[in-house]
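Counting convention: from 1, in listed order, for ligands and their atoms alike. Excluded from the calculations below are hydrogen atoms, water molecules and symmetry mates; all remaining heavy atoms, backbone and side chain alike, are included.
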Amino acid sequence: MKRNILILSAVLVFAAAIVYVLFLREKEVITPLTNSWDTPIPHQEVPANLASLKAEDCGACHKEHYEEWKLATHAHAWTDLQFQAELQKESSPFMCINCHIPLQNQQEFIVTGLINNDIYRPVKEKNPHFDPILRKEGITCASCHVRNGEIIGANGSKLAPHPVKKAPAMLDESLCIGCHNASAVITPTLACTFETGDEWKNGPFFGEKNCISCHMTEVERPLVAGYPARKSHRHWFTGSGIPKFDTVQTTVQNGLEFYPGELAGTLNRKDTVKFEFMLKNENAGHKVPSGDPERFILTTMTIENSKGGVFVADTFRIGEEWEWYPEAKKLSDNNMLPNEERVYEVKTKPLLPGEYKVKVKVTKHRLNKENAAYNKLGDNYPLFITIYDEEFPFKVSK
Ligand code: HEC
Ligand code: HEC
Ligand code: HEC
Ligand code: HEC
Ligand code: HEC
């Protein structure tokens, strides 16, 4: 009897499972990848006569290019603590890595499609050619320079020991824009909002200067020690210049120029104290800040007496503000367009006779303290740099 009940239950469970699989469960279909950033650059073989694709091996000959690239945030696009922290989050889909480690060789898995078009359910298989050391290099030499067993160059040198394909169009600004212009709402709470390319195309520098002429300064030098000097480009990819770790110092470019207003050295005790300070985005071919919406610039202006007593303190912010939940939404954006000017003012009613100063400080921030703490970046992760810090003394006479 007991045995029959057991058999009957087993049959029922089995039947229920079949009914579920055949009729109740949502059908799983594999959908193809459609967006450009869904797939990495396909697997690349090492060009003839080279030891590997690693930056260090290119650097054995192209020493200066290698030393410069090491200082670029491109070289830290994988190891960056903030990137690693964000990548671990459940809300980060598989394709986050495609611009940060853009070669298939750098990726542990090959993604061939999505289950039911769900970006959180990629169909993955192990990548037999995965190279973990190359992964650490982020946006490495081979990301931009290696295709189909050849080195992509703009000039087609005949002196190189490796095969060279002359393809200047593959190294023009469209290369940069491919990663630096991603504007898409991926899920309601996940939006990609880099429009550096569009900002440049719609701005005054289009046709004059481009990503490469501003971010890869031209120099005359041999490409390899002992070879003739040629037109070459620095590989620092200098940007905001806010370092990534306390150990990684990047080179700095500033978009803004500063124009302090006039201030009489001596004021009358009936005078209102007023000081104007102008910022102008003179040097960037796009907005300042650009790219990552977390960036912002603060200008703090104070009027103090000689004992440090503060009469006025104002802080002005340039940046975007976002709300991420329940839906990603931009709340405000006062980033400065190329050539845009902005004037800030501090003012106070007449002061008692004595010695005073106006202090102006401008800081450029990668992210705020709250987000750094949320991502557990530690106390040493540099959040900002100071790009202007001046004092303007004045007296109020008796
Ligand atoms: C054994 C030395 C050596 C190694 C290793 C090497 N190169 Fe070269 N490379 C050269 C020489 C030499 C030239 C030609 C220099 C000249 O024309 O003045 C050259 C030229 C180039 C050029 C310019 C091509 C053009 O259009 O004229 C690029 C880009 C380049 N190499 C990238 C790389 C990359 C990326 C790597 C690593 C994957 C690499 N090289 C590894 C020696 C080397
Ligand atoms: C494969 C994608 C990719 C390509 C191609 C690419 N970039 Fe980047 N770039 C990135 C990523 C990702 C970062 C951010 C790395 C980080 O902060 O960890 C970055 C960072 C930068 C920065 C530094 C931003 C800062 O201040 O922190 C500059 C400047 C820059 N890129 C310019 C360029 C230029 C110029 C080109 C074209 C020659 C280019 N990039 C090509 C993906 C790319
Ligand atoms: C983000 C893309 C990118 C990365 C990463 C990159 N390069 Fe380049 N490289 C370029 C561009 C763009 C040029 C300039 C092409 C031109 O002349 O218009 C260039 C030019 C060169 C040249 C030719 C001479 C010159 O300076 O113009 C050499 C050699 C070179 N790169 C080597 C390297 C090496 C070695 C690495 C890694 C350590 C590297 N590149 C990393 C984009 C890149
Ligand atoms: C006229 C020169 C110029 C041109 C053209 C230009 N940039 Fe910049 N870029 C700058 C300067 C200057 C900064 C530094 C802004 C700052 O932080 O003060 C900068 C900053 C950046 C940053 C860091 C973002 C930030 O807020 O600091 C990135 C990323 C970048 N540029 C990418 C690009 C790309 C991609 C292109 C081409 C579409 C491009 N730039 C064209 C001058 C230029
Ligand atoms: C289309 C290419 C692309 C994709 C896809 C992409 N990124 Fe980036 N990422 C960039 C570029 C370009 C920068 C540099 C932006 C700048 O400096 O203005 C960057 C910078 C970053 C930074 C550094 C910000 C800073 O200020 O230092 C983090 C963190 C980051 N990305 C995380 C992610 C995560 C998480 C995902 C997936 C949700 C992702 N990225 C997907 C291109 C991409």
Side-chain angles (χ1 to χ4, degrees), residues 35-38 46-47 49-55 57-62 65 73 76-77 80-87 89 91-100 102 140-142 144-146 151-162 164-168 171 173 176-182 184 186 190 192 194 196-201 203-206 208-215 222-224 226-230 237-242 244 252-256 281-292 294-295 297 335 338 364 366-367 375 387:
N35 295 308
S36 61
W37 54 78
D38 284 345
V46 180
N49 303 328
L50 293 180
S52 80
L53 295 182
K54 292 183 190 61
D57 289 330
C58 308
C61 298
H62 301 292
H65 288 79
T73 51
H76 306 278
D80 176 37
L81 297 180
Q82 191 193 353
F83 179 71
Q84 284 300 327
E86 288 188 10
L87 193 62
K89 291 182 191 155
S91 58
S92 292
F94 76 99
M95 80 282 190
C96 284
I97 60 176
N98 286 339
C99 297
H100 289 252
T140 184
C141 318
C144 299
H145 285 294
V146 176
I151 297 286
I152 305 298
N155 304 302
S157 171
K158 301 269 184 288
L159 305 179
H162 47 66
V164 171
K165 184 182 161 83
K166 182 175 176 176
L171 291 175
E173 66 277 359
C176 321
I177 292 171
C179 293
H180 283 274
N181 206 77
I186 297 164
L190 186 69
C192 237
F194 299 147
T196 308
D198 292 340
E199 291 165 11
W200 168 71
K201 280 184 189 156
F205 287 94
F206 184 75
E208 303 279 322
K209 286 187 147 202
N210 65 15
C211 318
I212 293 164
S213 53
C214 286
H215 289 283
L223 310 189
V224 176
Y227 283 78
R230 293 184 184 282
F237 303 96
T238 309
S240 64
I242 308 161
K244 280 269 143 180
V252 188
Q253 243 189 333
N254 284 318
L256 302 182
N281 178 7
E282 260 176 49
N283 309 319
H286 38 71
K287 288 184 178 180
V288 167
S290 185
D292 186 359
E294 287 181 303
R295 291 214 168 91
I297 292 170
N335 289 346
K364 183 152 77 171
R366 193 177 279 288
L367 74 167
N375 283 315
I387 51 176

Please list, in number order, the atoms of ligand 1 under 4.0 Å from a heavy atom of N155. 25 (C), 26 (O), 27 (O)

Report the nearest protein non-hydrogen atom to atom 12 (C) of ligand 1: residue, atom name, distance rounded to 0.1 Å. Y227 CZ, 3.3 Å

Supply the atom-to-atom distance K89 NZ to N375 CG, rounded to the nearest 0.5 angstrom. 4.0 Å

Using a 4.0 Å cutoff against the non-hydrogen atoms of L50, which atoms of ligand 1 qualify? 4 (C), 5 (C), 6 (C), 38 (C), 41 (C)

What do we get for N210 next to ligand 4 when only non-hydrogen atoms under 4.0 Å count, side chain, backbone, both or neither? backbone

Can you tell me which residue and heavy atom of the protein come closest to atom 26 (O) of ligand 1, and the distance to 0.1 Å? G156 N, 2.7 Å

Ligand-side contact atoms (ligand 4) for residue partner K209, heavy atom cut-off under 4.0 Å: 5 (C)

Exam field: side chain N155 to backbone S157, donor-acceptor pair closer than 3.5 Å: no

Below 4.0 Å from ligand 1: does a non-hydrogen atom of V46 turn up there or not? no

So which heavy atom on C99 is nearest to which on P102, and how close? O-CD, 4.2 Å

Mark yes or no for whether Q253, through its side chain, and C214, through its backbone, hold a donor-acceptor pair below 3.5 Å. yes

Taking atom 14 (C) of ligand 5 as the reference point, the nearest protein heavy atom with its distance: H180 CE1, 4.2 Å

If you count every protein N, O or S atom closer than 2.8 Å to atom 8 (Fe) of ligand 1, you should arrive at 2

Checking the side chain of N335 only, and the main-chain atoms of P289 only, is there a donor and an acceptor separated by less than 3.5 Å? yes

Within the 4.0 Å heavy-atom shell around A154, which atoms of ligand 1 are there? 26 (O)

Under a 4.0 angstrom heavy-atom cut-off, which atoms of ligand 1 come close to I152? 29 (C)

Main-chain N/O of W37 paired to N35 side chain as donor or acceptor, under 3.5 Å: no

Enumerate the atoms of ligand 4 whose separation from the nearest heavy atom of N254 is less than 4.0 angstrom. 12 (C), 18 (O)

Ignoring hydrogens and angles, tell me if any N or O in the side chain of N181 forms a donor-acceptor pair with the backbone of D198 under 3.5 Å. yes

Nearest neighbour in protein (non-hydrogen) for atom 18 (O) of ligand 5: R295 NH1, 3.0 Å

Test salt bridge (charged side-chain N to carboxylate O under 4.0 Å, His left out) applied to K287 - qualifying residues, sequence neighbours left out: D333

Could you tell me whether a side-chain N or O of S92 sits under 3.5 Å from a main-chain N or O of E86, the two making a donor and an acceptor? yes

If the cut-off is 4.0 Å to any non-hydrogen atom of P289, which atoms of ligand 4 fall inside it? 26 (O)

Check whether any heavy atom of A60 sits under 4.0 Å from an atom of ligand 1. no

Near atom 8 (Fe) of ligand 4, which protein N/O/S atoms are found at less than 2.8 Å? H215 NE2, H286 NE2

Of the listed options (K244, E294, Q82, K89), which comes nearest to atom 27 (O) of ligand 5 when hydrogens are ignored and any heavy atom counts? K244

How far apart are the closest heavy atoms of F194 and C179, and which atoms are they? CD1-O, 4.3 Å

Regarding ligand 5, does R366 bring an N or O atom to under 3.5 Å of one of the ligand's N or O atoms? yes

Taking only non-hydrogen atoms of H145 and a 4.0 Å limit, the atoms of ligand 1 in range are 29 (C), 35 (C)

Near D57 (heavy-atom distance under 4.0 Å), the atoms of ligand 1 are 5 (C)

Give the contacting part of S157 toward ligand 1: side chain, backbone, both or neither, where contact means a heavy-atom distance below 4.0 Å. both

Could you tell me if the side chain of F94 sits less than 4.5 Å from the side chain of D38, heavy atoms only? yes

Around atom 8 (Fe) of ligand 5, list the protein N/O/S atoms within a radius below 2.8 Å, excluding water molecules. H100 NE2

Distance filter under 4.0 Å to C141 heavy atoms, resulting ligand 1 atoms: 35 (C)

Do me a favour and list the nearest non-hydrogen protein atom to atom 16 (C) of ligand 1 with residue, atom name and distance? R230 NE, 3.1 Å

Over 60° means perpendicular and under 30° means parallel, so classify the ring planes of H286 and H215, tilted if in between. parallel

So, does K364 use its side chain to make a donor-acceptor pair with the main chain of I387 at under 3.5 Å? no

Ignoring hydrogens and geometry, is there a side-chain-to-backbone donor-acceptor pair from H62 to V224 under 3.5 Å? no

